[in-house]
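Report on the structure given below.
Lettering follows sequence order; numbering is per chain, from 1.
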2 protein chains.
Amino acid sequence: MRIGELARLTGCEVETIRYYEREGLLDKPQRTLAGYRAYRHEHVAQLNFVRHCRSLGMTLAEIRLLQDYRAHPERTCEVVNRLLDTQIERVREQIAALHLLEQQLRALRERCHEGHAARDCGILQGLEQAAEGSECPCHGRKRATGAEEQARG
Amino acid sequence: MRIGELARLTGCEVETIRYYEREGLLDKPQRTLAGYRAYRHEHVAQLNFVRHCRSLGMTLAEIRLLQDYRAHPERTCEVVNRLLDTQIERVREQIAALHLLEQQLRALRERCHEGHAARDCGILQGLEQAAEGSECPCHGRKRATGAEEQARG
DNA sequence: TGGAAACCCTGTAGCAACTACAGGGTCAAG
DNA sequence: CTTGACCCTGTAGTTGCTACAGGGTTTCCA
């Protein structure tokens, strides 16, 4: 099958498939005489593996590592377990940071309800006070929440 | 004050300050004879404002927009309110996606407890089954959860 | 048979929000 | 007078894609 069909089968964009190949996440397929990539069934499974891992929030480097373990089944899977633990911890931290963030945003939103002049807007005032006062620890020194790291990629 | 002190006062890296200036988020300061940036108290407040907004997950474009409203207090703050609403909605969606993700990761982690050979690792098996089976909707077609979008920038 | 649409190729540049140099100049202390 | 800490500009890297530009190929329909 050609790249377009692989894309349709996996729900992955053509450009992304070529990107994964460049990054060594997808084996290089054979080529037709015209230079087209010719994929086989294994490629579908391999690409699905990558997409599944990505949907679990893993980085491409981590996925490469997992593929390494698929290729060497005699090694212990210690590292795989660590990877999952790290991943779960990461997600937990993100959730906690986002909960905090939501509270802050809601508190800020509470300060303005109807459309009026920006000079009287409680939200803008709130943002300015937070910036000027030193009693706002949310963005100072070494980041406290880490909220800014994931709150938008 | 010079850029290093501003960095210390705001907990923001020197390179980031210069980056914000280039991006138009921080007013260009005067220069000393040697060409060094000379900041004043207003710059501290301005930079804190930016950092605070960033810690609330806003993009640089959104912060520029807010600064625009600070500069034009006669406008209505309708847009500011919309921005906050969007932001809150964004955070809520991210939290939901991450909860789902955590469940999936925990289920996967359950499949392997002690270090043994990778060939017998329930986690790797789980990942492969998910990739091969068509009954796994988490990464197929048009993305269902959107988890991959924020689960690591 | 011809021509248009749909597909494929490589290579490069863009996105966001920084971060990290390289290769210089300046300044204060000892 | 030299060492080290600081500052400058400019450019390239990061992550995981996405979007061209500027070509070639294949397929379908008339």
Side-chain angles (χ1 to χ4, degrees), chain A residues 1-26 28-39 43 47 50-65 87 90 94 139 142-143 146-153, chain B residues 1-26 28-39 43 47 50-65 87 90 94 139 142-143 146-153:
Chain A
M1 88 193 66
R2 297 192 307 195
I3 199 168
E5 199 184 339
L6 180 61
R8 268 187 300 279
L9 279 176
T10 57
C12 184
E13 298 220 19
V14 166
E15 315 265 31
T16 307
I17 294 174
R18 286 198 279 249
Y19 171 69
Y20 287 160
E21 182 183 320
R22 275 203 303 284
E23 292 295 305
L25 286 154
L26 194 57
K28 286 182 199 253
Q30 289 201 292
R31 298 288 183 127
T32 67
L33 289 175
Y36 287 14
R37 290 171 177 82
Y39 291 104
H43 288 103
L47 182 51
V50 173
R51 295 307 288 168
H52 184 65
C53 292
R54 284 292 299 132
S55 81
L56 292 174
M58 295 177 195
T59 66
L60 299 191
E62 288 166 339
I63 298 169
R64 251 188 299 263
L65 195 145
Q87 185 66 11
R90 217 148 73 186
Q94 286 175 12
H139 58 279
K142 292 300 147 204
R143 50 195 50 148
E148 63 266 41
E149 249 123 87
Q150 33 57 52
R152 195 71 174 173
Chain B
M1 88 193 67
R2 296 191 309 194
I3 199 168
E5 199 184 338
L6 180 60
R8 267 188 300 278
L9 280 177
T10 56
C12 184
E13 297 219 21
V14 166
E15 316 264 31
T16 306
I17 295 174
R18 286 197 279 248
Y19 171 68
Y20 286 161
E21 182 183 320
R22 275 202 305 282
E23 293 294 305
L25 286 155
L26 194 56
K28 286 182 198 253
Q30 290 202 287
R31 297 289 184 127
T32 68
L33 290 175
Y36 288 13
R37 289 171 178 81
Y39 291 102
H43 288 103
L47 182 50
V50 174
R51 293 309 287 168
H52 184 66
C53 291
R54 284 292 298 131
S55 81
L56 292 175
M58 295 176 195
T59 65
L60 299 192
E62 288 166 340
I63 299 169
R64 250 188 301 261
L65 195 145
Q87 185 67 10
R90 215 147 75 188
Q94 285 175 13
H139 58 278
K142 292 301 148 204
R143 50 192 52 144
E148 64 266 41
E149 249 123 86
Q150 33 57 53
R152 193 73 173 173

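The minimum heavy-atom distance between A:Val14 and A:Ala7, with the atom names listed, is CG2-CB, 3.8 Å. B:Val50 and B:Leu25 make their closest contact through CG2-O, 3.8 Å (heavy atoms, listed as atom of the first residue, atom of the second, distance). Nearest heavy-atom pair across A:Leu26 and A:Leu47 is CD1-N, 3.9 Å. Listed here is the closest heavy atom pair of A:Pro29 and A:Ala38: CB-O, 3.4 Å.
Salt-bridge check for A:Glu23 with A:Lys28: failed, with every basic side-chain N at 4.0 Å or more from each acidic carboxylate O.
For B:Ile3 and C:dT19, the CD1 to C1' distance is 14 Å, given to the nearest whole Å. To the nearest angstrom, C1' of D:dC7 lies 13 Å from CD of B:Glu21. For the pair B:Ile63 CD1 and C:dC18 P, the interatomic distance rounds to 8 Å; values are reported in whole Å. For the pair A:Glu5 CD and D:dT26 P, the interatomic distance rounds to 16 Å; values are reported in whole Å. When rounded to the nearest whole Å, the span between CD1 of B:Ile17 and C1' of D:dC7 equals 12 Å. In this structure, the CG atom of A:Leu60 is 12 Å from the C1' atom of D:dT14, given to the nearest Å. Rounded to whole angstrom, the span from the CD atom of B:Glu13 across to the P atom of D:dC6 amounts to 14 Å. Nucleotide C:dC27 holds its C1' atom 13 Å from the CG atom of B:Leu33, rounded to whole Å.
Judged by distance alone with a 3.5 Å cut-off, a donor-acceptor contact links the side chain of A:Tyr36 to the base of D:dG24.
A residue-by-residue look at B:Arg2 and A:Ala34 shows that B:Arg2 has its nearest nucleotide of DNA chain D further toward the 5' end.
For A:Glu5, the salt bridge (charged side-chain N to carboxylate O under 4.0 Å, His left out) test picks out no residue, with sequence neighbours left out.
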Measure all distances between protein nitrogen or oxygen atoms and nitrogen or oxygen atoms of nucleotides 9-11 of chain D, and list the pairs falling under 3.5 Å.
unit_1, atom_1, unit_2, atom_2, d
D:dT9, OP1, B:Arg31, NH1, 3.2
D:dT9, OP1, B:Arg31, NH2, 3.0
D:dT9, OP2, B:Arg37, NH1, 3.0
D:dT9, OP2, B:Arg37, NH2, 2.8

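Contact between the side-chain N/O atoms of B:Arg51 and the OP1/OP2 oxygens of C:dC18 is found at a separation under 4.0 Å. Between B:Thr16 and C:dT19 there is a side-chain polar atom (N or O) within less than 4.0 angstrom of OP1 or OP2. Residue B:Tyr20 places at least one side-chain N or O closer than 4.0 Å to OP1 or OP2 of C:dC18.
Atoms CZ and SG, from A:Arg64 and A:Cys53 in turn, are 12.5 Å apart once rounded to the nearest 0.5 Å.
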